[in-house]
Amino acid sequence: MADEAVAEHPAEPAAPKAKDARSPEAPRGGARGDDNAKDAPDAPGSSDASDAADAEAAEREKERERAADRFKDRTRDPLAEEQGEEEPTDAAAATRARRSGQKLLASGRDLIGFDRSDVGRLHIGDINIGLDARRSGLSMRDGPVPEEELLRIRRTHIEPEGYVRLRRALEARRLLVLGGAPGTGRASTALALLEEVTRGGEGGQNSERVRRADPEEGVRGLATQVVDGRGGHPRGTGYLLEPALDRPGTLPPDGMDLDQLASALAQQGSYAVVVVSVGSAANPLLAGRYGVICPPAPTRELVAVRLRQRLEEEHGDPVRVGGGDGGSARYGDGGEGSGLGGHADRDRDRHADQDLDADRGRHGGRGEGRTRHTARDSAGSLSRLLERAAELREDPEVTEAVGLDDLRPAEAELFASLLAGHLLGSVSREELLSGCRGLAAVQAYEWFAGVDRALAAPPPGDGRAPVRSGTAALFHPVAFRIALAVLGGASHSAVSAAAHLLTWELSVQSDPDSTPARPLFCDDPESDLALSRARPDNGPIDVAGAEVTGRLIFYRGTALPAAVLAELWDRHFPVRAPVVRWLRLLADDPRPQVSMRAAVAAGELSVRDFEHGYAELVRPLADAPTPRRRVFAATALDQAAGHASHRRAVRKVVEDWSRHGTPALRWTAAMALGYGRSADSMDDTLDALARIGVRDDGEQLAVASLNVVRLLTLPECATVLRRLADWTGHHGEEYQDLALVSIVRLALTDVDEVLDDEPGTPLGDRGDWPLLLALAATRPELTGKLADLFWTALNTARSRDVAFDALETLLRSASRKDGSEWTREGLAALLPALTAEEHDRRRLDWLLRRMMRDQDRPLTEERARALWRLAVPARQRRSEEEESHG
């Protein structure tokens with residue numbers, strides 16, 4: 001195509017015939033085989049040609065057409081067998097979902113090495129802190145709260161945002177229903193409120209002015225107790241009640257019960273705070289006039305105050321909550337964030353006396369002057385320690401080890417103790433990091449410890465068989481946490497639906513003789529978030545090949561997904577059976593965001609017990625009849641291969657399948673090999689793929705070629721191209737076809753369909769580019785090899801038609817519909833190398849003219865000329881024009 005107007009060339013030339021690779025006219029080399037004789041130009045016909053010659057020519061033409069049809073069939077999408085030839089699979093969405101799942105279940109977390117023999121308590125150096133969450137209503141008993149505990153609450157409680165509003169509501173209504181997730185400090189906040197409102201009232205001089213009420217009696221029992229004056233409790237008493245609402249057969253109190261209790265409290269001048277866990281059982285209580293949600297204490301402030309306390313205790317300084325480094329404004333003027341108002345001066349005097357006595361005790365009774373002198377001498381050292389502590393808190397390695405977005409009070413206590421111990425030399429760096437990793441492990445332990453213990457006990461006062469009608473409601477929070485660990489980053493609706501499936505499996509496993517009853521309108525998304533330490537976020541969701549914005553859901557911490565799976569698989573063996581059934585259901589989900597994330601999680605579970613994971617998940621799905629299940633098994637195997645401890649076992653499995661497996665197992669092995677970690681080297685990977693692809697007359701050639709293309713995104717790309725070149729010259733036609741199909745597929749596959757890298761890499765930034773052009777643009781040293789291979793496909797008869805269609809697709813990708821530049825950079829690198837000879841340029845000229853005459857998608861003259869200029873440099877165009885005019 002010259003620079004003159006296209007109208008000067010009205011006639012469309014015939015397409016040039018493909019040259020045989022061994023002929024002098026095809027110096028680049030190409031596929032050899034039966035096509036050599038078939039593609040030779042026919043000798044000029046004569047009127048006296050025999051009928052036998054005509055029949056032979058016709059048969060050659062039919063065989064050429066059959067070979068081209070077989071080749072085209074092998075370039076189909078091997079993942080689309082279920083969906084039909086015309087409906088492609090969403091490989092890009094599957095790749096993104098797998099990448100997201102791997103990010104949330106990082107292989108490098110040291111959860112296996114954490115000492116979980118007594119996970120409820122941590123023993124690190126001289127630190128011994130209990131972290132067991134109290135089961136609501138089971139461990140609490142009625143009785144007075146000791147004055148020492150109230151004093152500790154007054155001195156150390158960190159007020160959450162909105163604390164003053166809570167206090168004023170309690171003062172006005174006498175009753176507060178305080179909702180929150182276990183471990184968030186809701187009970188401490190309730191005690192702080194009761195301590196404050198009863199201190200200046202009628203019960204202010206009473207040493208038992210705050211009491212815990214019996215959880216078994218509940219709200220109705222407490223109301224009767226207050227009205228009747230049982231126990232001889234004086235006026236102005238504050239009551240803390242944590243009712244057991246999650247036990248089967250327990251009915252929550254209604255609004256009339258709360259009104260009756262509030263009236264009784266008002267008559268006695270008393271107060272009560274009812275602490276409940278957010279969830280379906282407590283929602284009616286929290287929605288009423290007495291209900292409020294307890295906000296969690298701020299993490300940074302909580303850690304800062306606890307850390308300062310630890311360091312001050314070691315240096316003999318008085319412990320002043322709220323001093324420095326973002327401490328709590330506990331002693332203020334009664335405004336928002338303060339709680340003791342007019343009692344501040346009295347409290348400060350009282351605390352100073354107690355701190356002075358403590359100092360004397362620590363220094364062996366040396367006297368007041370010596371104690372104050374020691375405190376002044378340590379002030380400079382303490383200041384330096386606080387600066388180092390602030391730096392250590394922000395250490396990336398420490399932050400990654402903690403793996404939690406926010407810390408709950410007990411976690412902040414431990415974290416502060418670990419930091420202080422390390423700064424003071426009693427805790428090594430390894431112990432510090434191990435203790436930080438243990439925080440997520442302890443949370444997972446608390447979530448699953450004894451969840452269904454209540455099902456094994458009969459209802460109170462009844463000796464009959466246990467009541468199991470509430471199994472679904474009991475198991476749903478647990479199922480949601482497991483679903484979030486497996487599908488974190490997916491849409492909230494997908495996680496919730498998966499959680500309901502798992503709730504059913506858990507309920508049936510627990511009580512196989514009963515059909516689980518699941519209310520349809522009792523779900524509370526906010527409760528699910530609170531009980532699972534989850535957070536919502538808006539983000540892209542892949543739907544039918546397009547991205548839409550949806551509501552995603554994540555754990556509030558990168559360490560929680562792996563910790564939940566580790567706790568589930570290592571400590572609760574009976575739950576494996578329902579979880580395996582559930583994962584198999586997820587493997588059939590048509591949404592890649594579900595099936596691929598579940599496959600990654602299945603791989604992580606297999607690492608924790610490879611024998612069980614292989615027997616129950618990987619092997620059955622690897623031999624399944626549907627491609628979706630086989631992809632699931634291959635992804636799980638690759639995830640296990642990401643762990644050095646299991647890589648050898650995975651490679652042995654894939655090697656055996658590639659050699660001796662059934663067709664389905666060979667197919668699965670090919671998909672696992674495409675990730676690049678299931679063989680000892682790239683050459684071994686390509687040997688295995690070739691072995692799969694050429695067997696049984698190329699039955700598995702489509703899936704083998706797909707995974708050869710996937711390997712081209714890895715750093716060993718040059719090795720793959722060299723092997724493709726070797727296969728094109730192989731004496732076996734199956735090897736030639738494997739190379740040719742891979743080359744054509746390389747031109748038809750977009751980068752984001754096969755690339756694992758995040759955006760930000762040279763290939764990752766070209767996600768919607770054809771991989772062939774992306775490699776030509778980003779790896780200039782490979783451009784010559786890429787052009788030679790594609791030239792071979794264009795010049796081999798059986799692959800010529802499909803290769804020409806692929807070339808047309810590449811040319812049309814130069815610019816987008818709006819005219820903006822797209823793959824022009826890649827075409828500028830590839831086309832000159834692809835059209836180095838005159839007959840190649842004539843073929844490109846013919847193709848561009850055909851595209852211009854296309855009735856459905858005509859290529860504009862301007863774009864056609866721009867493509868021609870990319871392929872033929874200006875110097876070469878001038879030289880050819882001079883020769884034509886000479």
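All values derive from a computational prediction rather than experimental measurement.
- Listed for the Arg710 side chain is a donor-acceptor partner under 3.5 Å among the backbone atoms of Met671.
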Verdict with reasoning, Arg98 to Asp638, per side chain to side chain contact (heavy atoms under 4.5 Å, CB included): CA-CA 11 Å; Arg98 172 177 172 268; Asp638 174 73; 2.6 Å; yes
Verdict with reasoning, Leu867 to Leu859, per side chain to side chain contact (heavy atoms under 4.5 Å, CB included): CA-CA 11 Å; Leu867 290 170; Leu859 185 70; 4.1 Å; yes
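- Between Leu529 and Arg535, the closest side-chain pair of non-hydrogen atoms is not below 4.5 Å.
- A salt bridge is defined here as a Lys NZ or Arg NE, NH1 or NH2 lying under 4.0 Å from an Asp or Glu carboxylate O, and Asp589 with Arg628 fails to meet this definition.
- Side-chain contact between Glu808 and Arg857 is present, with at least one heavy-atom pair separated by less than 4.5 Å.
- Contact record, Leu810 with Ala747: CD2-O, 3.5 Å, taken as the closest heavy-atom pair.
- Closest non-hydrogen pair, Ala690 versus Leu738, comes out as CA-CD2, 3.7 Å.
- A distance-only check finds a donor-acceptor pair linking the side chain of Arg651 to the backbone of Ala679 [under 3.5 Å].
- Atom CG of Asp752 sits about 10.5 Å away from atom CG of Leu771, to the nearest 0.5 Å.
- Of the possible polar contacts, one joining the Arg666 side chain to the Gly661 backbone as a donor-acceptor pair under 3.5 Å is found.
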Glu716 vs Val720, side chain to side chain contact (heavy atoms under 4.5 Å, CB included): CA-CA, chis, key distance, verdict: CA-CA 7 Å; Glu716 301 92 340; Val720 182; 5.5 Å; no
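- Rounded to the nearest 0.5 Å, atoms CG (Asn538) and CG (Leu552) are 7.5 Å apart.
- A donor-acceptor pair under 3.5 Å is formed between the side chain of Arg584 and the backbone N or O of Glu616.
- The CG atom of Asp788 sits 6.5 Å away from the OG1 atom of Thr792 when rounded to the nearest 0.5 Å.
- The side chain to side chain contact (heavy atoms under 4.5 Å, CB included) with Arg766 is formed by just one residue from the set Thr823, Thr778, Leu775; it is Thr778.
- Nearest heavy-atom pair across Ala702 and Arg76 is CB-NH1, 3.9 Å.
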Stepwise side-chain hydrogen bond (donor to acceptor under 3.5 Å, both in side chains) test for Ser820 and Asp818: CA-CA 6 Å; Ser820 60; Asp818 60 2; 2.7 Å; yes
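- Considering only heavy atoms from C-beta on, Arg843 comes within 4.5 Å of Asn795 through its side chain.
- No donor-acceptor distance shorter than 3.5 angstrom exists from the side chain of Arg647 to the backbone of Ser678, with no hydrogens or angles considered.
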Side chain to side chain contact (heavy atoms under 4.5 Å, CB included) between Trp569 and Val579, worked out: CA-CA 10 Å; Trp569 222 239; Val579 169; 3.8 Å; yes
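- Side-chain contact check for Ser705 versus Arg74: every heavy-atom pair is 4.5 Å or farther apart.
- Scanning all heavy atoms of the two residues, the minimum distance from Val564 to Arg481 falls at CG1-O, 4.1 Å.
- The closest side-chain heavy-atom distance from Arg695 to Glu699 is not below 4.5 Å.
- No donor-acceptor pair closer than 3.5 Å links the side chain of Arg597 to the backbone N or O of Pro592.
- Enclosure of atom CD in Glu781 by more than 12 non-hydrogen atoms of other residues, nucleotides or ligands within 6.0 angstrom is indicated.
- Between Arg591 and Asp542 no salt bridge is recorded (no basic side-chain N to carboxylate O distance below 4.0 Å).
- Under the 3.5 Å distance criterion, the side-chain polar atoms of His646 are left unmatched by any main-chain donor or acceptor of Ala640.
- No side-chain heavy atom of Arg812 sits less than 4.5 Å from a side-chain heavy atom of Trp822.
- Note that the CG atom of Asp680 and the CZ atom of Arg648 stand 9.5 Å from one another [nearest 0.5 Å].
- Listed for the Arg608 side chain is no donor-acceptor partner under 3.5 Å among the backbone atoms of Leu605.
- Across Ala598 and Phe632, no two heavy atoms sit closer than the pair C-CE1, 3.6 Å.
- Cation-pi geometry between Arg533 and Tyr555 is not satisfied (NZ or CZ under 6.0 Å from the ring centre, within 45° of the ring normal).
- Asn707 places a side-chain N or O within 3.5 Å of a backbone atom of Ala670 that can act as its donor or acceptor partner.
- Distance check, rounded to the nearest 0.5 Å: CZ of Arg849 to CH2 of Trp868 gives 8.5 Å.
- Remark: the backbone N or O of Leu763 is not paired with any side-chain donor or acceptor of Trp769 at under 3.5 angstrom.
- By the 30° and 60° cut-offs, the orientation of the rings of Trp727 relative to Tyr735 is tilted.
- From Leu724, atom CG reaches atom CG of Leu746 across 8.0 Å, with rounding to the nearest 0.5 Å.
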Verdict with supporting geometry, Arg691 and Asp687, salt bridge (Lys or Arg N to Asp or Glu O under 4.0 Å): CA-CA 6 Å; Arg691 187 163 53 245; Asp687 286 341; over 6 Å; no
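- With a 4.5 Å cut-off on side-chain heavy atoms, Phe790 and Leu786 do not count as touching.
- Here the closest non-hydrogen pair linking Ala776 and Ala829 is O-CB, 3.6 Å.
- In this structure, Leu831 and Leu811 have side chains that are in contact, with non-hydrogen atoms separated by less than 4.5 Å.
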Residue pair Thr662, Asp623: steps toward the side-chain hydrogen bond (donor to acceptor under 3.5 Å, both in side chains) verdict: CA-CA 8 Å; Thr662 63; Asp623 206 14; 2.8 Å; yes
